[in-house]
Amino acid sequence: MKAVTKGDKREEMAGDAGSIPELDQKKYDADEQVKIICLGDSAVGKSKLMERFLMDEYRPQQLSTYALTLYKHTATVGNKTVVVDFWDTAGQERFQNMHPSYYHKAHACIMVFDVQRKITYKNLANWYKELREYRPEIPCCVVANKIDADLKVTQRSFNFGKKQGLPFYFVSAADGTNVVKMFREMIKRAVDYKQNPSDFMDEVMQELENFDLEKKEDNSEADEDGLKAESPELD
Amino acid sequence: MRFQAKRCGVQFNPPSIVLIYEHTETKKVRKRIIPVRNFSKYSDYSMAAERLKNHPRHRDYLEAVSQNQLEKLHIILRDHMQGRSLEQSLSSFHLDPEENLNKLDDEELARKKGRMDELFEKNRRRKDDPDFVYDFEVDFNKTTQEKCSWDEESDDGF
């Protein structure tokens, strides 16, 4: 996927799902496909965690136009084979808000902070709030990364997410502590969530999101890329 | 190794890498000034560092100097060419745990990440390490947990 011009980008995002297969999010409706998103500040180690979990399977697909990195993984849950797409930001943290399509059809969310930097912990509240605006119901967890830097942090309790009942993991992408455990549990929860057909609210939300998404995309494209000048039909 | 690097630094005018090294056999300590050529404020610091590291006339002297350090020195040189003070330049490598890194541009962030990588590489357990366990788990729930001071100014959700 290279050199998509700005004009093309808008058209492809707006409707024609076929032209960017990586971003064809309809596939996430299929039973054997789940989408898991990663959230958290810059440099908390999101990509390093992916790399540690996937090891040899680690083949990130960069979509620089969207500041996005995708990782594909095949997992076995129960007796079923599931294809997992992990969505990671490639620096979009900087814009404070993620693009709505990042959240679209996600089945689980991994929220990461750096135990050496308090600000990344404090910012979890912002990430969580934004997540819940788009995905009120999906399973989510809190991940405290870089415990290898100072193991004493594991004697402390971090209360963010306790009220909401979010599972909490102490992990280290460097020495591997609890990384695989966390990913396996989140994949399982993503699959469980998807198989739970009683979640009517979520479908309604999805419809609303779809509706919202198209509108928002047009706006944000126009703002970010100065598309207004290039595409008069937007006005 | 014929030359043991002792210290490494930069000189702004003319732009050069300064190396203090010891001759392994004679034990004599000498200074070598390596001019950095074809390097401007627009140059790629990482390529320039690599070029220098492999330079036929200098590579023996630079054997004990890491690519990372050469990159850092080139960044300092380039910062100077761009009009940054040495103080600003050096502080850009410094990790401030209070700083919001979300606000940095790609290169600024790369400096911080480069710094963080030092610890990561030091603590890293690799696949070919003899004690490597892919799904290594530690249960921290059993350890006594004290309240985290980060939760003190309790806002929503904390």
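Atom set for the values below is all heavy atoms of this structure, side chains included, hydrogens, waters and symmetry mates excluded. Proteins come first, then strands; the chains are lettered A, B, ... in the order of their sequence lines, and each starts at number 1. Just so we're clear, the structure is a prediction, and the values are computed from it rather than from any experiment.
The parts of A/F53 that come within reach of chain B are both its backbone and its side chain, each placing non-hydrogen atoms under 4.5 angstrom from that chain. For chain A, the nearby part of B/D117 is the side chain; its heavy atoms alone come within less than 4.5 Å. Heavy atoms of A/K129 lying under 4.5 Å from chain B are absent altogether. Of the atoms belonging to A/M55, it is side-chain heavy atoms, and not backbone ones, that fall under 4.5 Å from chain B. With a 4.5 angstrom heavy-atom cutoff, B/E121 does not touch chain A via any of its atoms.
The nearest pair of heavy atoms linking A/N178 to B/E137 is OD1-CA, 3.1 Å. The minimum heavy-atom distance between A/S42 and B/N102, with the atom names listed, is N-OD1, 2.8 Å. The two residues B/P97 and A/I119 come nearest to each other via the heavy atoms O-CG2, 4.1 Å. A pairwise comparison of heavy atoms in A/S157 and B/D151 identifies O-OD2, 3.5 Å as the closest pair. Residues B/V133 and A/R52 share a closest heavy-atom pair of O-NH2, 3.1 Å.
The most heavy-atom pairs under 4.5 Å with chain A, out of B/K113, B/R126, B/M116, B/K122, come from B/M116. The residue among A/R117, A/K146, A/M182 with the most heavy atom pairs within less than 4.5 Å of chain B is A/R117.
A 4.5 Å side-chain heavy-atom check between B/F136 and A/V179 finds every atom pair outside the cut-off.
Within a 6.0 Å sphere centred on NZ of B/K53, other residues, nucleotides and ligands contribute more than 12 heavy atoms. Counting non-hydrogen atoms of other residues, nucleotides and ligands closer than 6.0 Å to CG of A/N79 gives a total of 12 or fewer. More than 12 heavy-atom neighbours from other residues, nucleotides or ligands sit within 6.0 angstrom of CZ on A/R184.
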Would B/R124 and A/D148 count as a salt bridge (Lys or Arg N to Asp or Glu O under 4.0 Å) if you check the C-alpha gap in whole Å, the side-chain angles of each, and the deciding distance to 0.1 Å?
CA-CA 9 Å; B/R124 187 172 193 176; A/D148 56 281; over 6 Å; no
Would A/K181 and B/D139 count as a salt bridge (Lys or Arg N to Asp or Glu O under 4.0 Å) if you check the C-alpha gap in whole Å, the side-chain angles of each, and the deciding distance to 0.1 Å?
CA-CA 11 Å; A/K181 175 189 162 82; B/D139 187 358; over 6 Å; no
Would A/Q116 and B/L95 count as a side chain to side chain contact (heavy atoms under 4.5 Å, CB included) if you check the C-alpha gap in whole Å, the side-chain angles of each, and the deciding distance to 0.1 Å?
CA-CA 10 Å; A/Q116 296 212 287; B/L95 283 179; over 6 Å; no
Step by step, work out the side chain to side chain contact (heavy atoms under 4.5 Å, CB included) result for B/L101 and A/T120.
CA-CA 9 Å; B/L101 302 186; A/T120 66; over 6 Å; no
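The CG atom of B/D129 lies 11.0 Å from the CG atom of A/D175; values are rounded to the nearest 0.5 Å.
Judged by distance alone, the side chain of B/D135 and the main-chain N or O of A/V180 form no donor-acceptor pair under 3.5 Å. Side-chain atoms of A/K122 come within 3.5 Å of backbone atoms of B/W150 as a donor-acceptor pair (strictly under, hydrogens ignored). Side-chain atoms of B/Y134 do not come within 3.5 Å of backbone N or O of A/G176 as any donor-acceptor pair.
Using a 4.0 Å cut-off between a side-chain N of Lys or Arg and a carboxylate O of Asp or Glu, A/D41 and B/K103 do not qualify as a salt bridge.
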